[in-house]
Structure formats: C-alpha cells, structure tokens
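Worksheet: one structure, shown below.
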Amino acid sequence: MAPTDDAHAGQTTQAGGQRYFPDLPPAIDLPAMEHDVLARWQDGQFFERSLKATEGRPLWTFYEGPPTTNGMPGVHHIEARVFKDVFPRFKTMQGFHVPRQAGWDCHGLPVEVAVERELGLSGKKAIESYGIAEFNARCRESAQRHVDAFEELTVRLGYWVDLQHAYRTMDTSYIESVWWSLKEIFGKGLLVKDFRISPYCPRCETPLSDHEMGQPDVYRLVTEPAVTVRFPLASLPDGANPLLTGAHLLVWTTTPWTLVSNTAVAVHPGESYAIARKPGDGDTVVVAEKLAARVLGDGWHVVATVPGAALVGATYRPPFDLVEIPGAHRVVPGGFVTTEDGTGLVHLAPAFGADDMETGRAHGLPVVKPVRQDGRFEEWVPLVGGMFFKDADEPLVRDLAERGLLFRVEQYEHSYPHCWRCHTPLLYYALPSWYIRTTQVKDLMLAENERTNWQPPTIKHGRYGEWLRNNVDWALSRTRYWGTPLPIWECGEQHLTCAGSLAELSELAGRDLSGLDPHRPYVDEVTLSCPECGGEARRVPEVIDAWYDSGSMPFARLGAPGQNAEEFRRAYPAQFICEAIDQNRGWFYSLMAVGCLVFGRNAYENVVCLGLVVDEHGRKMSKHLGNVLEPLPLMEAHGADAIRWFFAASGSPWSTRRIGDAALGEIVRKVLLTYWNTVSFLVLYANAAAAQDQAWGPAQAAGAPPAAARPLLDRWLLSELHATTQEVTANLEGFDTAAAGRRLASFIDDLSNWYVRRSRRRFWEGPATADGSSAFGTLYECLHVLTRLMAPLTPFLADHVWAVLRGPDDPESVHLASWPAVDEALIDAQLSGQMAQTRRLVELGRSARAAASVPVRQPLPRAVVSAAGFAELAADLRSEVIHELNVRALEPMAAVGEDLVDHVVKPNFRTLGRRFGKGTKPVAAAIIAAEPAVLAAELRSAGKVSVEVDGTPVALGPDDVIVTQTPRTGWTVASEGGETVGIEVFITPELRREGLAREVIRLIQDARKSDGLHVSDRITVSWEATDPDLSAALTEHGQLIASEVLADRFGPATPADTDPARGAHQHAEPDLGLTFWLARA
RNA sequence: GGGCCUAUAGCUCAGCCGGUUAGAGCGCCGCCCUGAUAAGGCGGAGGUCGAUGGUUCAAGUCCAUCUAGGCCCA
C-alpha cells in the first residue's frame, strides 16, 4: 500500500496502540511506487507549488536546450535531462526561485529528412514538385508528433519543467524574435552575403548537406589522371634566391579542369623547398624538398633549398589563359599545405575548393567561376566552352602537353564523393551564402569564455576553447524549406532590407501581415518596394541554420520582440545550462555567439558538459546497429530513480557512459533498496512499539535526549550525517553529482550495515528507555536529512519516503522542503577516525576467526590488539569489537607477555620522506636493520628511539615507524597496516555450551521467519535433544534463549507438545541432534 | 592532418596533496553473519596500473614521446 496524504491520520493497531507511520510492505516495487508518486505530484501540483513557494526569492536561471524533435527519444536524451532536473531541484530546496521553461527545436534539416523519408521524396526537386506549403505542413506535424513523445519521457523521468509554456522554435513569436536579433546583427554590418564552397551535384543542381555526405556509398574509390604541371615563374620577391630565376613551379592536381580557374599557388611557409636542376639543359624546377626524390626521379640535383616563406610573393604565368583573372597568379602561404602527396605546391581555384576559397579570401584573390550550375563550362570559354567539367580534363591535359607545360601524368586512385542519389561525381562549388562575421566578436567570445565556469574544467580551454580560437564566420543560410526564413529582401539594385518583425514587415509591405505564417512559402510571396530605390524587393530564398534558432532561446522563448523585456533582463545570463559534449559546436556555441553578437555578453555562467552515452559494449547507439535502448521500458524495468542515479551519481558523468540492465540492477539493490530497507526497519519497530502502547513518531523524535547525551554510536552517526551534508552540499554547488553520489552511497552503507546492525537490540527493546529513545530519534533524524539530500537525485523514492516519515509540520512533499543545514558542532573528526579503527579491528578479527574456521557464533575467551591509538579507544567502541567478534574480553597485546610476541618494524616513508628528503633511504635502512623487538620496546617505553645513520644518531618518533606485533602461538592472527588482532582459540566446555545455545537461537529465529511470524509475535518452543551436551546447553541457557526468541515458554518437549493437533510446527536439525516445536503463544 | 578525452583485476569503475602490500562492485569458489534487507562480512583465484624514457629519496599519480580506442573538426 502506498502512503497517501492521510497516511498519518493515526491508525489503530490490533493491540490497540496508536501508530504514526503506515505499515510498509515487505518488498517495494519501485516502478509502481514511481507511478503513485507521479500521480500525487500531478494531483497536488507540487511543481507549480514549489515555484510559487519560492516567488520573490533570489533567481537562479536555468535554460533548457531544446531537443531536436526529428525522431523518437532514446536513452541518450535522458542523460542531460537528469542533470537539468537535479540542480534546479537542489537550488529550489536551497531557497532559490528556479523557473524552468521547456523548449523544442522544431526546425532544420533533420526534420526535413525524416519527412522526406516518410513521404518517399528524394531531393529538393521532388520537394518542390510536392509543394513547399504542403511539405512544411508535414514538417510541422512531424515536429509536434515527436514533441508529444518527448513530453511523455520528460514526465516519466520526473523532470520538472514547464511543458505548458514551452517555447517552440517554429512559433511565429519565436521567429519574430529571431528576426529581431538578425536585424540587430545586420545593422552592425555583421550579416553579409559571400560565397561558400559546398559539395554540389550538377545533375540535381543542388548542394549536398553534411548529412547527405555521410550517406554510405558517397565516397567511392576512383582512378583518375593526376597531372603535374609546370608554372613558369614570372617575377621574384625582393631578396629571392637568384637560382629561382626562370624556374618552373611544379604543381600537382587530380582535377585538371580547375586549372582553367587557377588563381594562386599555395606553399607551406615552414616547409623547405628544393630548387632542382637537370644537368645540361638548364631546366630548373621547384618542389617540396621532402617530395623531390619521389616527384623528380633520377637525373636531377638539388642546387639549393629555400623556405616556403621565401617563395611567397613570386608571380608566375598561369597554365591557361582562357579566362581573365585580374590580380592573380601569385604564390601565397597556406598552413593547410602538406607534403603527404603531390609536390608541396598547391594550385588554388577559389570557386572550387574550401581551402582555396579561404586562402583566397585571406589574400584578396578574386573568385572566378567559369562553370555553370549544370556543371558545364560557360559557352564563351575557349577550348572547353559548353563541356561538362569532367569531360574537359582530356582536352586540357592535351593542350598542356602540346605547350610543354605537362611535367607528368599518372593514374591516381583515391576516394571521391558522388551524389548519393544519382551517383554523379560531385564538384566543390562556390555558392552564394549568408554569413555572420563571428570573427569580429571572436575576442569578445574568448574573453566571455574566460569568465564562464565549465564542468569538467578541461573543456574550457581544451575542446571548446580550442574550437573558439579557430573561429570562422558562421555560414548561416540554408537553401532549404523548413526553417526560420532569412528576413532579408533584395531589390534589382541589390539593396538589402532586413525586417525585424511582422509589424515592421507590414509597414514595409504597406499591408497588414500580422497574421502571416512567417514560414515559406507564405513569406516568399511578400514583396516590398525598396526603401532606397523604390524598386520591387523580393525575399532572398534561404532559411537559416536551426542552431541560430536555439541560440536565440534566451530572448525568443519570452515571445515576440519587446515583450517581457524586464523578465529577460533579470534572466540573462543563465546561471546554469547542461548538455552532452556534442553540443560544443552546437548549442554551447550558438548561445554564446548569439549572446555576444546581440548583447555583447555570454548567455551562461555555468555549463555542465556530459559524456556520450553508449551501449553495454561501448558501441555508439544507432538505429543501424539496433542497439538503441528505449527509455520508457528501461524506466519501467528499473525505475526512473535508478536511471537518474546511474547518470548523475555513479561513475563519471563527463566520460563516455555505458548503460545496461546490470548497472541499473546494482544501483537498485545497493543504493535504493538499502536506503528503503533502513526506512522500513525504523517503521517496523516504531509500529511494533505502538503495538506495545509505546507509540512512536516525529513528536517522540523531538523528545529524544540531546545529541551530546546519546550513546557514542549515535553521536558517530550524527557526525557522519553532518559531514555528509556538508560534503554533498559542496559537491552539488560545484556541479559534481558523482562525488555527491559516492558520499551518499557510503553514508547509506554506514547507516544500514553498521549503525543499524550495531543498534538492533535497542530497537527491539523499544523507545521507552533513554537509549532506545536515542536510537529511534537518531535514526529518524538521519533519515529525515538523508531523504532531503537524496531528493534532487532520486525524487521519487525520496518523496515516497518523505510521505512516510514527515512530521505534522513538514511540507507535503520533500520537494517543498528546505535543504538540510549543517551543524558543525556535531561533526567529530576524532570520533569518526576512532570508529573507522573500530571497524578495521572488527574486520581483522573476523579475518582471524575465519582463518581458524571457528564460526562467529562460538564464543571465544579473548582477543588482543596491537594498534596505534588503541589505548585511547572508548569503552563503548571496544564493546562493539567484543560483540562483533563474540569474545569475552578485549585486551592490549601486552597482556600476552612481551616475550611471546614477534615484532616487525617498517619505516613510515610518508613522515620520513618529509623529514629527511634525500636522506630517507639510509634512515629507512637503519630502521630495517635494527632489532625489531628492542626498537619496539624502546619506542613504547620512551616514546622515541634513536638509530645510528652514518655514525650519527637520528631520533625517531612513534609516527616514523610502523610496528606490527604478532603473538607467537595459540592465537589466530590477522594484521594490516601496523594493526593486529589476535584471537585465542580455546573452547572450554562452558563456551561450547554457550555456542550451542547461540546456534539454537539462530535456528529458532530462522524457523520463526519461515513460519511467517511477525518480528514481535510471542511464541512457545519445546525441544528434544539426542546429544547430552546440547541438552545441557539448552537447560543451562534456557532463559537466554527464551528471551532472545521472544518465547513465553521454552523447555523439553512433552507428548502433549508434539501432538500435531496443537498446531505447533516441527523443525528437525539432524546434524545437531535437535528437534523442536514452535507455536504462536 | 588538427584538437580533446580515455587506457588500473575476466567485466564496470574508484584511487585525494606523489609515500613503498594498488582498492570497490559484478562474476567464480569456500566459509560466516542475519529479530529490516533483493543486503552484509571474511578468505581464495584474478594486476609488469597501455608502452618507453624522464623528474624525484619515492611515480598508478608529475613531465615528454609513442601506441590503441573514442569523440569532434578538416
């Protein structure tokens, strides 16, 4: 039964006492519990209430990076959404107001591609004949459909974000805001038209996107002629090596048709170039020194070498004179030039290559483009006019040969891209495109990046910073359909007009366009009269990169331009954003770039950058491999909390994550169920106490003795609790969920496997005594705090537990509660260290017992300990060791007698190294050489000891030497790190009988459980023993056994006891020679 | 070709400010504990801490180079 809001009405137990807590089921079904919690959140409007409750508090702004809604969500979509929820919940509990607006990225090529596939369309021509209006309507519908799937996932994950008021990049008001920002950039002269090199299919007459270039079969191996051509030098730069006079540059290319457009030659400024001469005829050529032998072959000498930089500025005669290219045919430097193949001198035709274009732009070279959009040379070009570009290679090479400029032709095999649709060889082709001059704000972006906090920190100057330093202008436009249309109108005189909103557009067009769908094709139909010349202006055909849309979300999410300006001012920049690392060049950049361009300031202060999600075997998840894990079934199998914990709190969020059932199952068992069972333990005994008319609940917790008056174990747990709170708070403030998770998991382990284990007896005995009241109070307080610490990470289980534990004055949901405060006075580092030692001694003792094969149930006379600090260990802590090891006494090693103990001494390098530095080794050698027993005795009696090093005495303290003492005979021993526990293995008949009694207690407890009795049920037990020793043990310890197993009667069986009619269960233990009958009293 | 990340047990991963027997979990084997637990403990088997070189009294840890894998970009 799930707790409900009236769980604490106070219910009457069978025995008549009032119990505060609802009874909890023995096992919890986590996914089912989560559904209950989801329903409670929904009914109680807790998210809305958490926002309302923090209204007016300091704002902590979070920006949701909009997922692209081009397909169904996968587990990798969960990852970032976990972190986007954890920190806002944490900050809300800390008292900040954290509005969370959802958002969806609806535009872009991925959506178009998905719709093309659905419609069976292939390529832009097909889309246009299908109709842009209808196509875009399908895109809108597809985006909406996938938004629904993302919403379902978001809710199920427990990601609290306002879905009702989500921003959508396809909404009119959003597009208008984007237009507004573009106009700002346009007004600064940073939005310009220029050429861009794209892979281009001349048959389809369309550029290919990166996505299309990634299709299989695009790159095919082809064998083509590669030519090495002579470019005779015409003039040399000042101070050039005179040997260059009359030399020919050797230039290599696999695309002879581009030589028609040759504009420049690039050399690597740092490479060495050889001037080589053929003896006899004075023929002189220039080639990279590293490639000289390969390119030239035999018969050439290198007469000199010059750095590439020395060639820069030379001019040459172009290979063809078919096209006029003013101001060209120079040697320019190019960092991209390699000496892998070719000649180390690279021919540049800016219209037909990306490096060519970029280099040309840097050196003010013209862009000439004698090839038409259909891939044919312009008719007016001599020799090759009208010819398809590929077909021009042959006549051009022949012409070069005839003019003596062809140095060599060879067949060259390489991979070359082809159109994935029609298999036509692609060409790299300059197309007009719109750019944002981000290079103009590069310094600003670098400065803004400096004051941005990255988690993990290495990204800041590494992956992201490196990318930022190599910033190039943003190619903004796309010749596509489903996107924010570029709001620029151009007239016949090429005057440009940018519209910043529909209102402005209405004014420019002279009609009311406020109801216009700003998408294509409707916006294309709007014409204006040019404000400059009055001519008719039409919109340029492009839409913009969808990344610009998402980068505009800080303002566009708030509605049309000018709306909510005050809210924007308060909520910019954001305190927190979080995405996976693939967003470096995506959203992290577009947010920063748009922010710097429009507002002169980055849009975020803290950015958490997550690793990628891969499958259990480390492979990337892809539909192709069929290894995509669907998030909803995964959450139904393990629960959303387990997945949240996995991503946020186990392993390292910044590295690549492998997710699978095994990892999630472990989290459920180790963390979530252990936590839950501790809660259920408290409730079980609180309700058992209620049945004894000792009702226990939060009111009684408040009445527990003050912390200082509680037993040591309780003070230890409170100390750990507050240290945990302190650490987890600091970790979350530093955006380190992994460290927080490790600390929480370790606290849960301490709580369940040490505190509760060692305190059980106090819970059995109930809260009536001071000790009992301390135990109940301490456990309750710890769970009350722990549940709040867990709330951001595992919001479902934490809220379910909260509903059980919360006091009458606590808020209804843990997510309305405040973050726990640290009481530093309760943190006792010394106690924490002593408890750690206590637990180490217990471990050593258990190890020693196991070595002697004596079960822990069998009491043994005594244990001896040798360990630094043991003398100071409190009696309470020694008593924990005694109980855990089941020994009668615990004594220092000295009790054994000095002469019966072996000593081993080892240097402690940590202290010696600090003291002696270079002299550490001889001191260590002297310690090892010393007589261990003597050294140990001296150290113990005097607290210091002197050893001889190179004839000089050196004084050592107890910290400088690790002494391990081991008793010689009659003991079972375990040692580690200078600590030793020895246990005396000597079982007297008396101890043997006590061991048997303990054995029987355990058997009866097992029987209770298998008979389905409640932990507080009273029983009667009668027994029959064949072994006289056992019989004696049961008689001697009858009272102890009876009280341990809650038996009202415990004694030898009479015929009446064994009568089946009485209803007692018979349990036989032939190994022990015992039979007993158990019945409810 | 450039940048970044990763490399520790069969698998998944910790490992702080460098400190001398390198840890945990999962899995396997044996044993133990259990009055909440789907838990817990002890032992066994399993490691040239990717390689090489360097710094240092001391390197899994710091530096350099290399190798392999991943991601992004060309």
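All of these numbers come straight from a predicted model, not from anything done at the bench.
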For P922(A) and V949(A), the nearest pair of non-hydrogen atoms, with its separation, is CB-CG1, 3.7 Å
Among G40(B), A14(B), A36(B), which nucleotide has an atom closest to any side-chain atom of L684(A)? A36(B)
Comparing A850(A) and A354(A) on RNA chain B - which has the more 5′ nearest nucleotide: A850(A)
Does a salt bridge link E1044(A) with R761(A), judged by any charged N lying under 4.0 Å from a carboxylate O? yes
Whole-Å distance between A36(B) P and D1017(A) CG? 13 Å
Looking at R758(A), R839(A), R840(A), which one forms a salt bridge (charged side-chain N to carboxylate O under 4.0 Å, His left out) with E880(A)? R758(A)
Check every strand shown and say whether E843(A) touches a base, only sugar-phosphate, or nothing at a heavy-atom separation below 4.0 Å. sugar-phosphate
Presence of salt bridge, E884(A) and R846(A), under 4.0 angstrom: yes
Under-4.0 Å side-chain N/O to phosphate OP1/OP2 contact, K1009(A) with U37(B): yes
Is the centre of the F588(A) ring less than 6.0 Å from the centre of the W454(A) ring? yes
By the salt bridge (Lys or Arg N to Asp or Glu O under 4.0 Å) test, which pairs, at least two apart or in different chains, include something from residues 908-924 of chain A? R915(A)-D960(A)
Could you measure between the two C1' atoms, the one in A14(B) and the one in A7(B), and give it in whole Å? 15 Å
Contacts under 3.5 Å, N or O only, protein and nucleotides 23-29 of chain B:
unit_1 : atom_1 : unit_2  : atom_2 : d
G25(B) : O3'    : K670(A) : NZ     : 2.8
G25(B) : O2'    : E666(A) : OE1    : 3.1
G25(B) : O2'    : E666(A) : OE2    : 2.2
C26(B) : OP1    : K670(A) : NZ     : 3.0

From CZ of R760(A) across to C1' of U37(B) the rounded distance in Å is 10 Å
With sequence neighbours left out, the residues meeting ring pair (Phe, Tyr, Trp, His ring centres under 6.0 Å) with Y780(A) are W696(A), H784(A)
What contact category does I28(A) fall into here, base, sugar-phosphate, or nothing, at under 4.0 angstrom with non-hydrogen atoms? base
Take the protein atom CZ of R998(A) and the nucleotide atom P of G35(B), then report the distance between them rounded to whole Å. 10 Å
R669(A) bridged to E666(A) by N-O distance under 4.0 Å: no
When the C1' atoms of A59(B) and G19(B) are compared, how many Å lie between them, rounded to an integer? 10 Å
Quick one: I197(A) CD1 to A74(B) C1', roughly how many Å, whole number? 15 Å
Donor-acceptor pair under 3.5 Å: do we get one between R849(A)'s side chain and the base of C42(B)? no
Please report the distance separating the P of G27(B) from the corresponding atom of A39(B), rounded so that it comes out in whole Å. 9 Å
What's the closest nucleotide to the R846(A) side chain, out of G70(B), C42(B), G19(B)? C42(B)
Considering every strand and a 4.0 Å limit on heavy-atom distances, what is the contact class for V1015(A): base, sugar-phosphate, or nothing? base
Table of protein N/O atoms under 3.5 Å from nucleotides 54-56 of chain B N/O atoms:
none

With a 4.0 Å limit, can you tell me whether K921(A) has a side-chain N or O closer than that to the phosphate oxygens OP1/OP2 of U20(B)? no
For U61(B) versus G43(B), give the span between their C1' atoms, rounded off to a whole number of Å. 30 Å
Protein-nucleotide distance (I962(A), atom CD1; U20(B), atom P), rounded to Å: 8 Å
The side chain of N753(A) lies closest to which of these nucleotides: G40(B), G15(B), A36(B)? G40(B)
Which heavy atom of L912(A) sits nearest to which heavy atom of T920(A), and what is that distance? O-OG1, 3.9 Å
I want to verify a distance call: between C42(B), G35(B), G19(B), whose nearest atom is closest to the W764(A) side chain? G35(B)
Could you work out the separation of C13(B) and G50(B) based on their P atoms and round it to a whole Å? 15 Å
Who are the ring pair (Phe, Tyr, Trp, His ring centres under 6.0 Å) partners of F1076(A), not counting sequence neighbours? H1067(A)
Can R762(A) and E765(A) be said to form a salt bridge (Lys or Arg N to Asp or Glu O under 4.0 Å), step by step? CA-CA 5 Å; R762(A) 288 195 283 151; E765(A) 284 159 7; over 6 Å; no
In terms of relative ring orientation, are Y755(A) and F763(A) parallel, tilted or perpendicular, with 30° and 60° separating the classes? perpendicular
Base, sugar-phosphate alone, or nothing: which one does V756(A) contact when heavy atoms must sit under 4.0 Å apart? base
Quick one: H883(A) NE2 to U34(B) P, roughly how many Å, whole number? 13 Å
Less than 4.5 Å apart, any side-chain heavy atom of M445(A) and any of T438(A)? yes
List the steps and the verdict of salt bridge (Lys or Arg N to Asp or Glu O under 4.0 Å) for R1018(A) and D1048(A). CA-CA 7 Å; R1018(A) 307 295 299 182; D1048(A) 290 345; 3.0 Å; yes
Interatomic distance where OH belongs to Y685(A) and P belongs to G35(B) [whole Å]: 9 Å
Verify the contact: side-chain N or O of S847(A) to OP1 or OP2 of G43(B), cut-off strictly under 4.0 Å; return yes or no. yes
Side chain of R463(A) (C-beta onward), nearest among C4(B), A38(B), G19(B): C4(B)
How far does the C1' atom of C26(B) sit from the matching atom of G46(B), given to the nearest Å? 14 Å
Out of A36(B), G35(B), C32(B), whichever nucleotide has its closest atom nearest the side chain of L1046(A): G35(B)
Separation of U20(B) P from K906(A) NZ (nearest whole Å): 9 Å
Dot-bracket for RNA chain B, 5' to 3', Watson-Crick and G-U pairs with both distances under 3.5 Å, [ ] for crossing pairs, | for partner on another strand, reads (((((((..((((.....[...)))).(((((.......))))).....(((((..]....)))))))))))).
Please confirm whether any donor atom in the side chain of S752(A) sits under 3.5 Å from an acceptor in the base of A36(B), or the reverse. yes
